[in-house]
Amino acid sequence: MPEPEQRSYYVTTPIYYVNAAPHLGTAYTTIAADALARYQRMCGRDVLFLTGLDEHGQKIEEAASAGGQTPQEWVDALAPTFTDLWDQLAVSHDRFIRTTEADHIRAVQTLAQQLYDSGDIYPGTYQGWYCVPDEAYWAESDLEMPVAAAAPAPLCPDCGRPLRYVEEENYFFRLSSYQDWLLALYEQYPDFIGPETRRNEVVSFVRGGLKDLSISRANVKWGVPLPWDTSHTMYVWFDALINYISAVGYGDKRRFAEFTRRWPANLHLVGKDIIRFHCVIWPAMLHAARLPLPERIFAHGFLLTKGEKMSKSKGNAADPATLVARFGVDGYRYYFLRDVNFGADGSISDEAMLQRYNGDLANDWGNLCSRLFNMVGKYCGGVVPDPQAGECAHGCADGCTQEGEELRAIAAGLSERVDAAFARCDFAAALEAVWDLVKATNRYLETSAPWTLAKAAEDSPEHARLQAVLYAALEACRIVALYTAPVLPNTAAEVHARLGLPALDCSSTAARAGQLPLEQAAAWGGLPPGNPVTVGDPLFPRLES
Ligand code: MSP
């Protein structure tokens, strides 16, 4: 019988503007998507995790020319600032797309032509305001217009920079004709947009009425030419959104099987500032092209420093590399996913990061491993003890089956709790669930006091209990490592190595091949007695403030 086909999971981040250096905000979405991708791989799914770069548009054209380079030279020079940082943050994308790739350009043209042929795109005149840094059109009704005619231009409601007045012949997408269809979609699939606050925001925006969208620029050369009128280039957002399908072979007959297998995506992760593009324009484009819609779009909030959105333009965007140097890759990833409620805005600070690092990582988790592994070295000759050896203090006939009951119960409940949390993109809840096991294991060591049991004679029930206690605590650590691997990939791999287990690697679907899916891998009793246990350096050395 053929193997049942492995279920596939497709998750995306936005493709970032190549000209803005990656910062904590862009790293935030990327790490969250990475944790989801790693989690799904741990569960045994065939994952495609897509991220990449948005490389066309007026602001790139202008920046390149100011820098005395061609736009292509400019974007080629900038692209590695992203890929380098993602490598540094252990981001395990399966595909890195750049909108200047030939396949993407072809896909954009295919889709545009199809919408033109179906009458969804028509020529017209655009008169209005445009934000070059955000590449966004603004209606006057959304703006605070300067009073005097000679006054400077209105400011962008999003980024606060001056808008430019644009008057040109453009092509338009009939977005307005999809208003009722969109409202019915949101109604029928309440989970299409998450969290609920964002869904409500999108619904009321669409209820307010949709205007047709200008999708071409006549005076911008750096973009995808419209196939039927090459004097125009595609509006950069229209171009960018199509990356989610061009990456999986849309428009390429030779990749049809891949396309039908991967698309629709399971999840688009985005920031809350770009939900209109993803939850209104994108579904309408797909529907007009008779393509299936993504299963879910989830918008996270902003990272705030001192109450303000962090951004390059405000000059308050911290450099991720500095924080990684201090807290390590896993420390960095843990902080943002544990301390900020994904979906809401979250204030971040050095103090809070230090507190999480020292409290949760150094004290709770790192310290648990180091004192436990030390005890195994001291009392069990540095190997995983056999919990079944000898009669125990409970009087269990064939080795102790009662030790660590609470740990077993918590471990058994993790699969459901963690899975539900990941499904809601609630990373904090997933980590909190695993920390219940970390904390319970620390308490268990305190109450069962292996150091006292170790004083008993070798053939005594107390000595047998010592083996069972240390085994239960080690087993809890193995399970914690499995469940934290999506967020703390390096530490999880290190803990498994120190327990003498095969490599724990969820950085690609291939790396997980032949491994048990998470729930089975985490079944109690998977740690083989006799495995060598290595103490090693502290996993998270304490940091001073
Ligand atoms: N190129 C478009 C996306 C096209 S997707 C088809 C774009 N790029 S961007 O470089 O501006 O990146 C934006 C992403 O970073 C958004 O998801 C945005 O919400 C996120 N962030 C930028 N600053 C942020 C914070 N301060 N906090 C959290 N995320 C924020 O938009």
Side-chain angles (χ1 to χ4, degrees), residues 34-35 38-39 41-42 90 92 327-335 337-338 356-378 380 382-385 387 404 407-408 410-411 414-415 418 430-442 444-445 450 469-507 511-512 515-516 518-542:
D34 185 66
R38 286 176 182 271
Y39 175 71
R41 293 186 196 117
M42 289 295 294
S92 63
F327 296 96
V329 178
D330 285 8
Y332 179 103
R333 295 167 59 105
Y334 182 82
Y335 172 66
L337 295 181
R338 174 64 186 87
R356 277 283 172 209
Y357 176 91
N358 278 338
D360 299 9
L361 296 177
N363 285 356
D364 293 349
W365 180 214
N367 206 21
L368 166 62
C369 291
S370 80
R371 67 186 187 136
L372 175 61
F373 297 179
N374 263 308
M375 283 192 265
V376 173
K378 229 156 120 190
C380 311
V383 297
V384 175
L407 305 189
R408 288 171 202 236
I410 298 174
L414 278 185
S415 168
V418 171
L431 289 165
E432 222 174 326
V434 188
W435 247 251
D436 282 352
L437 184 54
V438 172
K439 288 182 177 152
T441 311
N442 273 318
Y444 174 64
L445 286 180
V469 166
L470 293 179
Y471 183 87
L474 287 169
E475 180 56 347
C477 288
R478 181 187 72 90
I479 294 169
V480 167
L482 285 168
Y483 280 103
T484 49
V487 177
L488 306 172
N490 297 323
T491 313
E494 182 60 28
V495 169
H496 267 223
R498 290 185 190 187
L499 290 174
L501 293 163
L504 174 54
D505 181 355
C506 49
S507 63
R512 285 297 295 165
Q515 305 290 316
L516 288 175
L518 182 55
E519 190 177 0
Q520 282 162 264
W524 193 270
L527 181 62
N531 264 21
V533 176
T534 317
V535 177
D537 293 332
L539 294 170
F540 299 99
R542 258 192 90 80

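Along the sequence shown, the residues carry numbers beginning at 1. Keep in mind it's a predicted model, so treat the numbers as computed, not measured. What you see below is based on every heavy atom in this structure, not just the backbone, and it leaves out hydrogens, waters and symmetry mates.
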If you take all heavy atoms of A433 and V418, which pair is closest and at what distance? CB-CG2, 4.3 Å
Return the CD to NZ distance between E432 and K439, rounded to the nearest 0.5 Å. 7.5 Å
Counting N and O atoms only, with roles assigned by atom type, does the side chain of D505 sit under 3.5 Å from a partner on the main chain of A511, one being a donor and the other an acceptor? no
Output yes when a side-chain donor or acceptor of N358 lies under 3.5 Å from a complementary backbone atom of R542, and no otherwise. no
Give, for atom CG of L368 and atom CG of D364, the distance between the pair rounded to the nearest 0.5 Å. 8.5 Å
Just wondering, do N367 and S370 contact through their side chains at under 4.5 Å, heavy atoms? yes
Kindly indicate whether the side chain of D360, heavy atoms from C-beta on, has any atom under 4.5 Å from the side chain of F540. no
Sidechain-backbone polar pair: Y471 side chain, L527 backbone, donor-acceptor under 3.5 Å: yes
For the pair C477 and R498, evaluate side-chain contact (heavy atoms from CB on, under 4.5 Å) and give the outcome as yes or no after the intermediate values. CA-CA 11 Å; C477 288; R498 290 185 190 187; over 6 Å; no
Could you tell me the separation between the CG atom of L474 and the SG atom of C380, rounded to the nearest 0.5 Å? 8.0 Å
All heavy atoms of P450 vs all of V469, minimum pair found to be CG-CG1, 4.1 Å
Would you indicate whether the side-chain heavy atoms of E475 and L407 approach each other to under 4.5 Å? no
Minimum heavy-atom distance between D436 and I410, given as atom pair plus value: O-CD1, 3.9 Å
Is a side-chain donor or acceptor of R333 paired with a backbone partner of P486 at a separation under 3.5 angstrom? yes
Any side-chain heavy-atom pair of V487 and R338 under 4.5 Å: no
So which atom in L437 and which in A476 form the shortest heavy-atom distance, rounded to 0.1 Å? CD2-O, 3.9 Å
Just wondering, do L504 and Q515 contact through their side chains at under 4.5 Å, heavy atoms? no
Taking all non-hydrogen atoms of both residues, which atom of A35 and which atom of L337 are closest, and how far apart? CB-CD1, 3.9 Å
Is a side-chain donor or acceptor of R356 paired with a backbone partner of Y335 at a separation under 3.5 angstrom? no
Measure across H496 and R478 and return the closest heavy-atom pair with its distance rounded to 0.1 Å. NE2-O, 3.4 Å
Rounded to the nearest 0.5 Å, how far apart are CD1 of I479 and OG of S415? 11.5 Å
T534, N531, V384, V533 screened by side chain to side chain contact (heavy atoms under 4.5 Å, CB included) with V376, the one that passes: V533
Parallel under 30°, tilted from 30 to 60°, perpendicular over 60°: which one fits the rings of W365 and W435? perpendicular
Donor-acceptor under 3.5 Å (Y483 side chain, L431 main chain): no
With a 4.5 Å heavy-atom cut-off, do L488 and L361 have their side chains touching? yes
Report yes if some heavy atom in the side chain of P489 is under 4.5 Å from a heavy atom in the side chain of R38; otherwise report no. yes
Between OH on residue Y357 and CG on residue N363, distance to nearest 0.5 Å: 10.5 Å
